[in-house]
Amino acid sequence: MSENDFSTYETAWCPGCGNFGLLNCLKKALEELEKSPEDVLMVGGIGQAAKIPQYISANSFCGLHGRALPAAVAAKIANEKLTVIVSTGDGDSYGEGGNHFIHNIRRNVNITHFVHDNQVYGLTKGQASPTSGSGFVTSVQVSGNINTPMNPVLLAIAAGAGFVGRGFVGNPGHLVSLMKQAIEYGGYALVDIFQPCVSFNKVNTYAYYKERVYELDEDYNPSDKIKAMEKALEDGDKLPLGVIYREKLTSYHDRNPVLKGKTPLLDQKTSDAVLKKLIAEFS
Amino acid sequence: MSENDFSTYETAWCPGCGNFGLLNCLKKALEELEKSPEDVLMVGGIGQAAKIPQYISANSFCGLHGRALPAAVAAKIANEKLTVIVSTGDGDSYGEGGNHFIHNIRRNVNITHFVHDNQVYGLTKGQASPTSGSGFVTSVQVSGNINTPMNPVLLAIAAGAGFVGRGFVGNPGHLVSLMKQAIEYGGYALVDIFQPCVSFNKVNTYAYYKERVYELDEDYNPSDKIKAMEKALEDGDKLPLGVIYREKLTSYHDRNPVLKGKTPLLDQKTSDAVLKKLIAEFS
Amino acid sequence: MYNLLIGGAAGQGVDTIVEILEKLLKKSGNCVFTARDFMSRVRGGHNFSTIRFGNEMIQSHSNKLDGIIALNEETIQFHKDRVSAGGFIMCDSKISLEGPGIIKIDMEKASKELGNPHVAGTIAAGAVMKLFGQSLKDSDEVIENSLNEKYWKINKEALKIGFDSVEKRFDAVKGDFKDWMLLSGSQALALGSIAAGLRFYSAYPMSPSTPIMVYLASKSKEANIVVEQAEDEIAAINMALGASFAGARAMTGTSGGGFSLMVEALGFSGIAEIPLVIVDVQRPGPATGLPTRTEQSDLKFVISASQGEFPRMVIALRNHRDSFYQTIRAFHLAEKYQIPVIILSDQYLGDSSATVEPFDLEGIKEETETYKDKGEYLRYRLTENGVSPRLIPGKTKHLVSSDSDEHDEHGRITESAEVRVQMVDKRMKKLDGLAKELQEPEFIGDKSFKTLLVGWGSTYGPLAEAVRILNSSKKNQYAALIFGDIYPLPQKTLLDKAKKAERIINVEQNATGQLAALIREQTGLVFDSAILKYDGRQMTSEDIVARIESEAKK
Amino acid sequence: MYNLLIGGAAGQGVDTIVEILEKLLKKSGNCVFTARDFMSRVRGGHNFSTIRFGNEMIQSHSNKLDGIIALNEETIQFHKDRVSAGGFIMCDSKISLEGPGIIKIDMEKASKELGNPHVAGTIAAGAVMKLFGQSLKDSDEVIENSLNEKYWKINKEALKIGFDSVEKRFDAVKGDFKDWMLLSGSQALALGSIAAGLRFYSAYPMSPSTPIMVYLASKSKEANIVVEQAEDEIAAINMALGASFAGARAMTGTSGGGFSLMVEALGFSGIAEIPLVIVDVQRPGPATGLPTRTEQSDLKFVISASQGEFPRMVIALRNHRDSFYQTIRAFHLAEKYQIPVIILSDQYLGDSSATVEPFDLEGIKEETETYKDKGEYLRYRLTENGVSPRLIPGKTKHLVSSDSDEHDEHGRITESAEVRVQMVDKRMKKLDGLAKELQEPEFIGDKSFKTLLVGWGSTYGPLAEAVRILNSSKKNQYAALIFGDIYPLPQKTLLDKAKKAERIINVEQNATGQLAALIREQTGLVFDSAILKYDGRQMTSEDIVARIESEAKK
Ligand SMILES: Cc1ncc(C[n+]2csc(CCOP(=O)(O)OP(=O)(O)O)c2C)c(N)n1
Ligand SMILES: Cc1ncc(C[n+]2csc(CCOP(=O)(O)OP(=O)(O)O)c2C)c(N)n1
Ligand code: SF4
Ligand code: SF4
Ligand SMILES: [Mg+2]
Ligand SMILES: [Mg+2]
């Protein structure tokens with residue numbers, strides 16, 4: 001498999017945007033995992049981040065704003081042979097798509113969810129996103145954001161996710177490794193990724209993150225839920241990167257008797273015999 | 001103020017339903033707090049629980065399925081003098097309304113949210129709700145519920161709520177006190193209330209809860225977030241009742257410069273002078 | 001033909017008795033039609049069903065009753081005036097009511113003696129069978145098919161007690177319908193979707209669409225279908241789109257309120273050209289409205305729902321046969337044209353059961369992908385007929401894309417004015433193909449008609465019967481045209497018949513005459529008058545006849 | 001009249017230059033109209049605006065250019081063919097392009113010398129003022145109004161550098177528009193809502209509706225308005241309904257995709273009779289479509305959106321004046337009839353700026369609740385005109401209810417067939433009142449016309465100008481009728497004028513001719529032909545004239 005398999009296309013992103021780093025890491029992760037483009041389905045919603053499926057050669061599904069997750073999990077349910085990756089924005093994932101976020105964690109379909117968390121709505125020119133900091137001033141939040149910022153890592157753990165990580169595009173080696181672990185995890189895996197938006201977020205810049213992030217080391221045990229939530233609560237001067245929480249959970253496919261141990265759904269059939277029986281039941 | 005102020009009406013609930021107890025407790029709580037019906041706004045979505053605003057004499061807003069919260073917080077924003085209480089089902093609050101749930105916690109508008117948590121969709125005849133247990137068998141979940149049940153108490157704490165409690169209609173005295181605390185709390189307060197559905201939930205019955213619930217005592221310190229999350233994780237044989245987490249947070253009204261210290265929004269005006277100035281700015 | 005009403009409070013088991021009784025009657029050879037009326041509550045209130053049966057085709061309910069089986073007093077109060085001369089009211093002995101038509105049975109006492117007060121209704125069912133000169137020979141099979149094993153014995157006994165407690169009163173009808181099917185509109189629809197190769201059904205519970213999900217769930221393991229209860233309707237439709245894109249035939253179902261939440265994704269299906277079947281089982285709106293009642297008031301909504309412009313097809317189901325065959329056709333059209341196809345049913349049709357000829361599986365073939373182009377694969381290739389080559393991701397070496405933004409032939413976002421126009425035109429071209437697929441409305445009546453009644457969907461049964469009644473007294477002056485395919489609107493037969501008609505009247509279960517508006521928009525035809533009903537209860541043939549006669553008097 | 005195009009990549013500051021330039025020109029007395037074309041991206045790509053100015057009323061953009069100010073080479077390539085003889089192309093000296101119309105300025109170098117490459121455009125703006133013989137006397141004021149204080153000095157210097165770098169080339173126009181307003185359609189709409197007493201605006205960001213939210217947010221503290229960014233559009237509309245119910249005048253705004261998500265709550269507003277103003281700033285669909293472009297393709301969608309049937313009003317904004325006054329009227333009608341009122345704008349109108357007569361606040365009065373009934377308070381009292389007494393909860397001793405289910409006069413859930421019909425009829429009666437409120441479409445042209453062009457909303461400007469152009473050569477053979485109130489459809493003038501017309505043509509910014517369909521449905525009128533544009537760019541008067549002339553040739 002050659003490097004070029006996951007070739008990328010000209011983007012509509014701003015020069016210097018954190019999305020470029022993210023895209024490179026994603027490409028690298030897929031290549032290192034020796035995935036073939038035709039077996040990968042990239043799913044995005046709408047936003048700057050959400051354009052990423054357009055910029056990497058793989059199957060792509062650019063859906064509606066906020067609705068990447070339901071489409072992605074259903075595609076995976078339909079064909080478990082696809083490696084399904086949702087890669088999209090923080091507004092998309094946690095704002096408009098918040099209900100799908102908490103409920104798809106409960107489904108635990110084996111897909112990967114990368115959130116380009118720039119703590120702002122980029123494409124619509126800089127309003128607060130769910131993860132924007134308190135006091136963040138924008139053209140709409142004129143007196144500064146008054147909502148309590150969402151802590152997606154903590155929320156995902158509390159919602160029952162089995163794999164919750166945090167990365168930063170400024171630590172690409174670490175991010176690639178995190179992405180690979182997430183893709184290989186056998187259930188829903190979330191990686192919230194700090195991705196500076198150079199155009200609209202003048203607070204959470206590369207420098208801001210650089211000063212605060214640190215990589216969790218081997219001493220850290222991601223399987224202790226309480227400890228993980230404590231770790232997730234660190235959101236001031238110290239921002240941990242890595243697998244914050246990890247637990248083995250039975251995946252959707254293994255919980256669903258229609259799918260477990262069967263051929264992929266799209267290749268299944270209702271036999272003629274069954275169909276006739278169903279008709280006969282009404283006679 | 002006489003007992004009759006919060007008179008109740010004939011209901012469409014099943015005999016034996018936990019909603020009756022809940023309604024009685026609510027009535028009692030309002031009376032003990034000496035609220036006047038005309039200052040109370042009861043808000044529900046759609047469902048069996050959500051009919052409660054129809055059964056108590058107060059102002060009532062029976063909105064759409066899943067959409068009680070946005071309407072309620074906005075009514076409170078419009079007129080902070082109203083005591084606004086959302087009282088509605090688990091499907092309504094956590095299923096269809098899940099996105100409003102996590103985001104209104106972030107807003108922290110001073111309203112109270114009572115969730116009639118019967119762990120089932122009652123009105124639509126017994127499908128799994130977000131809080132239904134694993135393996136819960138219904139006409140749709142024919143092989144048993146395969147989704148990880150939502151833990152609303154934990155989720156609310158993780159989302160940043162300042163007041164999170166749990167009650168049980170079978171402990172009415174405790175529930176009334178909990179309701180009163182929630183109503184008096186100066187921000188968004190959630191009380192998840194175990195409410196047996198005698199028609200469709202044959203698992204989480206009165207007896208089921210009776211065997212498992214226990215009231216948190218005075219030793220328990222609800223202000224420690226980590227401890228509270230640990231407490232919230234108790235969801236097997238022991239189910240704690242009481243204020244699981246409590247923290248003082250600035251409320252929406254005090255964070256919003258348009259509202260803080262001003263007359264209620266509905267009584268405010270744009271002065272003629274300002275209007276003229278705004279027009280002049282374009283000249 | 002006879003017509004019975006069985007009524008009681010929610011929770012008293014009206015449904016079970018009705019199910020047993022309708023099956024027993026059908027097994028005895030009767031044609032059966034059961035309409036279901038219930039309240040939006042779980043216990044209490046007043047629910048009832050009417051079972052019409054006889055040895056001729058029956059496709060609708062009726063106002064006139066030959067008998068009432070009353071599980072409580074309210075049922076008698078509400079409905080006794082509708083009982084014809086010679087009819088009966090069957091109730092428990094404890095009810096103080098006297099008269100020639102009153103049949104009292106010790107149901108309550110006997111059922112308690114049997115050990116379960118819930119079988120009181122089964123006793124009544126047994127009595128009814130005897131009254132109408134039917135036998136109980138198939139009753140074991142019926143009980144075993146309808147109930148959980150632990151209730152078999154007691155119900156079989158209850159049936160017999162009832163049967164033995166009365167004497168035959170009515171002439172036995174002997175139809176040839178024994179081997180026909182008896183099923184509800186929603187079951188027929190669900191069965192149709194299975195026959196069409198459904199693999200993935202996602203929905204959020206909502207009356208009156210839930211029976212579709214319940215039936216599919218009950219057969220999911222046997223039929224290899226994933227039935228997914230979504231967190232909300234937005235998820236339901238987006239899941240269906242994801243599954244369909246990935247190659248699993250997908251459907252979602254809901255009622256108007258849920259459809260409202262699916263509107264954005266409907267347009268997504270249109271621009272991304274992902275095949276999708278969406279079922280709207282209508283109920284009275286606006287908003288929550290009357291959750292368990294019936295109406296046909298979503299037509300204008302669904303034909304123009306979602307921002308922007310794209311081709312779609314809307315099929316209104318007229319009866320239980322349609323519910324099966326048109327659902328299959330909906331899947332085929334959705335795939336052939338890569339469009340959303342909306343199926344309009346309603347509570348009346350969905351919840352009623354009817355006797356239909358056994359479904360024929362001949363001629364239902366799975367269509368398969370047929371992309372054989374050489375060269376570059378273009379998901380959104382500009383083609384003559386507007387249909388581009390669709391491949392299934394992972395099933396080909398080509399990469400497959402899908403996009404809710406305007407895109408070029410590759411599926412990449414474009415802002416080009418030129419490409420935009422090409423893509424709109426390409427999508428709209430599918431309408432030419434669809435025009436050739438359209439099925440004309442069904443014409444009922446004699447060609448000598450003077451008045452043409454025009455309806456759509458579930459008023460089919462009432463209209464068909466109304467025309468029969470009117471023509472038997474008025475010598476073939478009436479005919480009806482009932483639309484199944486409704487958008488795009490097939491116009492040929494309509495214009496043809498309208499030309500011959502002296503008077504055209506639209507008959508609809510809504511307040512504004514939505515079909516008439518659509519027809520005027522598309523053809524310029526103006527209706528002379530309208531028969532509209534919007535109280536949440538389906539019109540009967542008698543209602544239609546009465547309205548026509550009262551108009552005639554004016 | 002002159003027409004300039006200013007273009008560059010996103011992020012090069014086209015917007016700032018345009019804003020400064022249009023204000024400078026207006027301050028000098030010109031009437032100004034600026035149309036904005038941009039891509040759905042933050043940096044790069046190609047964005048441009050055209051500024052038309054002169055001493056007569058200008059209400060639309062034009063294809064012909066008198067000059068281009070190019071911040072990059074692409075701008076020149078894309079647009080140079082549209083420059084009229086005698087026109088100019090202004091660009092940086094480094095661009096290798098020669099010819100008589102080429103004006104090179106050392107913008108880049110000079111701006112770097114000033115210390116900020118972003119002011120290159122301001123230099124160009126200064127040069128333009130000189131070219132057209134305008135003065136810079138108001139420039140300090142303009143700069144100070146448009147920019148953050150820290151950029152004042154450098155921009156003032158840049159303007160002067162530019163001004164001094166060229167010679168006057170064109171005749172100075174001297175209009176009387178100095179004291180008129182210059183603002184965008186969305187600003188005018190927002191200002192109208194403030195004038196109408198708006199207290200609560202909830203929305204989720206979505207192009208091209210966001211400027212309304214941004215303007216309101218910027219004035220929220222001064223004007224005492226809560227502007228709430230919702231978690232999604234469903235929340236936005238349900239919040240607005242909650243606020244309105246509680247007595248705060250409320251509005252929500254979005255574009256088609258967000259409107260899709262508001263559909264269920266639209267019906268809720270209808271059945272619960274909660275006044276609400278909803279703005280849909282249209283963009284091309286379906287689904288995400290072309291996010292920053294323009295289209296008029298949501299008409300049929302919004303007039304029939306949501307399950308069930310209820311009265312609503314739809315007002316299409318034709319221009320910047322309408323944007324102010326009709327928004328005020330929308331609030332008054334929403335309250336008077338307790339209905340949802342939908343305002344249709346679009347990207348062209350919302351983002352363009354125009355010169356309008358200063359808004360007049362006379363006659364805008366807040367209406368107040370006037371419930372004076374004695375006896376029992378019935379929120380949904382059955383009344384002659386369908387409007388029931390609305391009280392504000394907490395502001396009265398009466399208890400106020402609101403319900404999305406069908407309800408009785410008290411607001412309690414009902415399943416009664418009789419009450420259902422009464423309530424539907426009551427709500428529908430409001431249409432009689434609304435019919436009397438309707439404003440007829442605006443007629444433009446001479447009564448001797450033969451061809452009638454019919455449009456709606458933002459094609460007003462282009463149509464008005466097209467009629468003028470056509471009539472100047474074809475001697476008053478053309479007229480136009482442009483609808484503002486569009487649903488319910490005012491019919492009188494239309495039928496009147498159509499009767500006199502030899503030919504009627506609908507002119508719409510969509511692919512299917514939605515107004516024509518609505519008119520046919522409501523009146524039976526059939527159009528002879530259609531001028532439709534759906535590439536995401538607004539038609540100009542010249543486009544219309546060309547289409548008419550090419551048709552005439554056929
Ligand atoms: C239903 C709907 N509402 C709103 C929008 C407008 N919209 C497009 S992208 C976006 C937010 C993008 O923010 P985020 O997801 O954080 O992505 P980013 O651009 O920051 O990468 C919004 C609100 C839309 N396309 N659809
Ligand atoms: C948009 C929409 N979807 C679905 C429904 C149908 N529906 C009504 S109530 C309900 C669930 C009720 O469950 P819950 O909120 O737990 O209330 P309960 O009846 O158990 O008290 C559903 C799915 C609806 N009314 N509207
Ligand atoms: S706006 Fe922000 S997130 Fe979007 S491309 Fe530019 S820098 Fe990146
Ligand atoms: S269905 Fe359940 S929740 Fe609803 S009223 Fe009956 S017992 Fe109560
Ligand atoms: Mg973002
Ligand atoms: Mg419930």
Side-chain angles (χ1 to χ4, degrees), chain C residues 39-40 45 234 255-257 259-261 263-268 270-272 282-291 293 295 297-298 300-301 303-310 403-406 413 415 417-418 420-421 424-425 428 510-512 517-518 520-522 524 526 534-537, chain D residues 39-40 45 234 255-257 259-261 263-268 270-272 282-291 293 295 297-298 300-301 303-310 403-406 413 415 417-418 420-421 424-425 428 510-512 517-518 520-522 524 526 534-537:
Chain C
M39 297 183 76
S40 181
I234 305 175
S255 187
F259 192 92
S260 277
L261 293 163
V263 163
E264 190 192 12
L266 176 71
F268 175 35
I271 193 168
Q282 298 164 98
R283 70 190 214 191
T288 311
L290 289 166
R293 305 289 167 181
E295 196 160 277
S297 57
D298 294 353
K300 292 198 80 179
F301 172 34
I303 65 181
S304 50
S306 213
Q307 73 272 21
E309 299 163 303
F310 54 94
D403 199 353
S404 78
D405 274 282
E406 191 57 274
I413 295 179
E415 299 224 22
E418 198 190 332
R420 160 72 178 173
V421 171
V424 172
D425 291 345
M428 287 301 183
N510 60 48
T512 59
L518 175 64
R520 189 172 191 199
E521 177 200 296
Q522 302 268 315
V526 180
Y534 47 95
D535 61 357
R537 281 75 175 171
Chain D
M39 297 183 75
S40 180
I234 305 175
S255 187
F259 192 91
S260 277
L261 293 164
V263 163
E264 190 192 12
L266 175 71
F268 174 36
I271 193 167
Q282 298 165 96
R283 71 190 214 190
T288 311
L290 289 166
R293 306 289 168 182
E295 197 162 276
S297 57
D298 295 354
K300 291 198 80 178
F301 172 34
I303 65 181
S304 51
S306 212
Q307 73 272 20
E309 298 163 304
F310 55 94
D403 198 353
S404 79
D405 275 281
E406 190 57 276
I413 295 179
E415 299 225 23
E418 198 190 332
R420 161 71 178 174
V421 171
V424 172
D425 292 346
M428 288 301 183
N510 60 47
T512 58
L518 174 64
R520 189 170 191 201
E521 177 201 297
Q522 302 268 314
V526 180
Y534 47 95
D535 62 358
R537 281 75 174 171

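Predicted, not measured: the structure shown is a model, and the values here were computed from it.
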Non-hydrogen atoms of chain D under 4.5 Å away: do they reach the side chain of C:Phe268, the backbone, both or neither?
both
Is C:Gln522 in contact with chain D via its backbone, its side chain, both, or neither, using a 4.5 Å heavy-atom distance?
backbone
Choice from [options] maximising heavy atom contacts with chain C below 4.5 Å:
options	result
D:Met428, D:Gln282, D:Arg293	D:Arg293
D:Pro284, D:Pro286, D:Ala287	D:Pro286
D:Gly289, D:Ala272, D:Gly45, D:Gly524	D:Gly289
D:Leu518, D:Val424, D:Ile303	D:Val424

Go through the atoms of [X] and report whether side chain, backbone, both or neither lie under 4.5 Å from a heavy atom of chain C.
X	result
D:Asp403	neither
D:Ser255	neither
D:Leu266	neither
D:Val526	neither
D:Phe259	neither

Any idea which of [options] has the most non-hydrogen atom pairs under 4.5 angstrom with chain D?
options	answer
C:Glu264, C:Glu406, C:Arg420, C:Met39	C:Arg420
C:Gly536, C:Ser404, C:Gly256	C:Ser404
C:Arg537, C:Glu418, C:Arg520	C:Arg520
C:Ser297, C:Ala265, C:Gly267, C:Ser306	C:Ser306

Under a 4.5 Å cut-off applied to non-hydrogen side-chain atoms, are [X] and [Y] in contact?
X	Y	answer
C:Asn510	D:Glu309	yes
D:Phe310	C:Thr512	no
C:Ile234	D:Ile234	yes
C:Leu290	C:Ser40	no
C:Val263	D:Phe301	yes

Check against salt bridge (charged side-chain N to carboxylate O under 4.0 Å, His left out), C:Glu521 and C:Lys300:
CA-CA 11 Å; C:Glu521 177 200 296; C:Lys300 292 198 80 179; 5.7 Å; no
Any ion pair linking C:Arg283 and C:Glu295 (charged N to carboxylate O, less than 4.0 Å)?
no
